[in-house]
Amino acid sequence: MILVAFGTRPEIIKLFPVINALRQRGIPTQTLFTGQHLDLFHDVKELIPEPDFRFGEENSRRSTPETLGASFVRICSTTEKLFATHHFNFVVVQGDTTTAWALAQMAFYSNIPVAHVEAGLRTFDLQNPYPEELNRTLITHVAELNFAPTEQATENLRQAGARNIHCVGNTIVDSVAHIQKTNGFVPEYSNKVLITIHRRENHRLLPDIFDEITTAANLHPELDFIFPIHPNPNVQAHRERLTAPNIHVVAPVSYPEMLRLIATARFIISDSGGIQEEATCFNKKILIMREKTERPETVAVGLGRLVGKNIQAHLAWALSPPPANVRSPYGLGDSSVKIAETLQNHCQ
């Protein structure tokens with residue numbers, strides 16, 4: 001039996017193709033939702049079967065978000081009880097969340113092999129992104145199988161002494177292809193600019209970032225800036241700084257709608273790791289509102305530029321046409337099949 005664990009919206013988005021591939025091959029699979037992001041679970045719950053195990057329902061009654069420590073302790077404690085009563089041949093975790101590290105650590109304590117999807121991403125700076133850089137680095141040391149999305153990630157794992165490294169591409173390409181086929185939207189270049197800001201390390205910079213966005217919007221009244229604002233109170237607290245009439249602050253959108261916005265945008269402004277990958281699936285430029293990225297491939301193919309909190313100086317680059325016929329550096333859309341095949345071989 002394989003357990004696939006997830007607790008956040010991005011994990012579900014990147015793991016649902018893996019769950020489908022495992023079940024299509026007849027591999028016994030169960031799923032666990034840890035409740036790390038209850039507020040965004042309903043947005044993507046249709047992508048997965050009803051989880052076999054669910055934690056964190058009591059958090060829906062909390063008036064304030066869980067702290068990192070409280071979330072980690074809760075997930076570890078509940079997972080330890082689950083592993084004491086259920087047998088699993090592998091635990092599959094994805095990326096660098098609190099859920100991923102807590103499940104990996106508890107699996108290690110219970111002598112259950114860990115398979116790490118999207119392994120090997122690094123900035124080599126524990127503060128950027130925080131705390132994800134630490135989480136994924138720790139998972140590397142306990143993972144039995146490491147599924148790297150790119151050659152750079154593969155090399156990072158080799159340098160770290162990781163075991164059983166498989167360069168399989170990133171499952172985000174599988175996910176985007178599935179959603180695009182299901183919803184039938186066609187990429188184009190419009191007057192819309194998509195904005196997403198949520199990273200913890202940017203919270204203290206939000207007043208400056210939001211002022212930059214307002215100035216950029218005032219300088220380009222021909223553009224419509226679409227900002228699905230994150231529900232985090234630290235982000236919501238500064239929304240009144242977005243004063244330009246062509247900035248449209250909207251509620252968080254569904255994942256298919258987010259991909260539609262990416263597919264039809266002129267360019268993107270974001271601090272999201274996932275959107276750096278998704279932008280390449282549609283050949284869209286992205287101003288990356290970070291000082292460092294663990295996804296240098298987006299920059300290398302000419303679609304991404306690290307700008308920190310400085311938007312205005314890079315608007316001319318963002319508005320210029322993207323490189324022609326760039327193929328996503330994150331794979332061909334067969335990552336989930338490769339992962340399922342490898343897991344099946346290791347379970348025999």
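Because the structure is a prediction, the values reported are computed rather than measured. Note: hydrogens, waters and symmetry copies are ignored here, and every other heavy atom, side chains too, is used. Residue indices begin at 1 and follow the sequence shown.
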For E132, enumerate each residue passing the salt bridge (charged side-chain N to carboxylate O under 4.0 Å, His left out) test, keeping only those at least two apart in sequence or located in another chain.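 With sequence neighbours excluded, E132 shows a salt bridge (charged side-chain N to carboxylate O under 4.0 Å, His left out) to R199, given in chain and number order.
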Is a donor from one side chain sitting under 3.5 angstrom from an acceptor on the other, for [X] and [Y]?
{"X": "E222", "Y": "N191", "answer": "no"}
{"X": "E133", "Y": "N128", "answer": "no"}
{"X": "T97", "Y": "T8", "answer": "no"}
{"X": "R295", "Y": "T280", "answer": "no"}

How long is the gap from [atom1] on [X] to [atom2] on [Y], to the nearest 0.5 Å?
{"X": "Q312", "Y": "E212", "atom1": "CD", "atom2": "CD", "answer": "4.5 Å"}
{"X": "I269", "Y": "I197", "atom1": "CD1", "atom2": "CD1", "answer": "7.5 Å"}
{"X": "E118", "Y": "E11", "atom1": "CD", "atom2": "CD", "answer": "10.0 Å"}

Heavy-atom pair with the smallest gap, counting every atom of [X] and [Y]:
{"X": "P49", "Y": "R23", "value": "CG-NH1, 3.0 Å"}
{"X": "V253", "Y": "L261", "value": "CG2-CD1, 4.3 Å"}
{"X": "T298", "Y": "Y330", "value": "OG1-OH, 2.7 Å"}

Given D211 and R241, is the salt bridge (Lys or Arg N to Asp or Glu O under 4.0 Å) satisfied, shown in steps? CA-CA 6 Å; D211 288 348; R241 304 182 82 98; 2.9 Å; yes
Other cluster members, V301 - Ile/Leu/Val/Met/Phe/Trp/Tyr, side-chain contacts below 4.5 Å: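 L303, V326, listed by chain and number.
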Do the ring planes of F282 and F185 sit parallel (below 30°), tilted (30 to 60°) or perpendicular (above 60°)?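 Geometry flag for F185 against F282: tilted rings.
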Measure the acute angle between the ring planes of W101 and F72, then classify it against the limits of 30° and 60° as parallel, tilted or perpendicular.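 Geometry flag for F72 against W101: parallel rings.
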Worked verdict on E278 versus K284 for salt bridge (Lys or Arg N to Asp or Glu O under 4.0 Å): CA-CA 9 Å; E278 291 155 346; K284 296 302 174 76; over 6 Å; no
Short N-O contact, K338 and E341, less than 4.0 angstrom: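 Salt bridge between K338 and E341, a charged N being under 4.0 Å from a carboxylate O: no.
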S77: what forms a side-chain contact (heavy atoms from CB on, under 4.5 Å) with it, not counting sequence neighbours?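 Here the qualifying residues are K81.
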Is there a chain of hydrophobic side chains (I, L, V, M, F, W, Y, each step under 4.5 Å between heavy atoms) that links I209 to I268?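 No, no single cluster joins them.
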Treat each ILVMFWY residue as a node, draw an edge where side-chain heavy atoms are under 4.5 Å apart, and state whether M289 and I286 are in one component.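 Per the 4.5 Å side-chain linkage, M289 and I286 are not co-clustered.
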May I ask you to check whether over 12 heavy atoms, not counting those of E188, lie within 6.0 Å of atom CD?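 Correct, the count exceeds 12.
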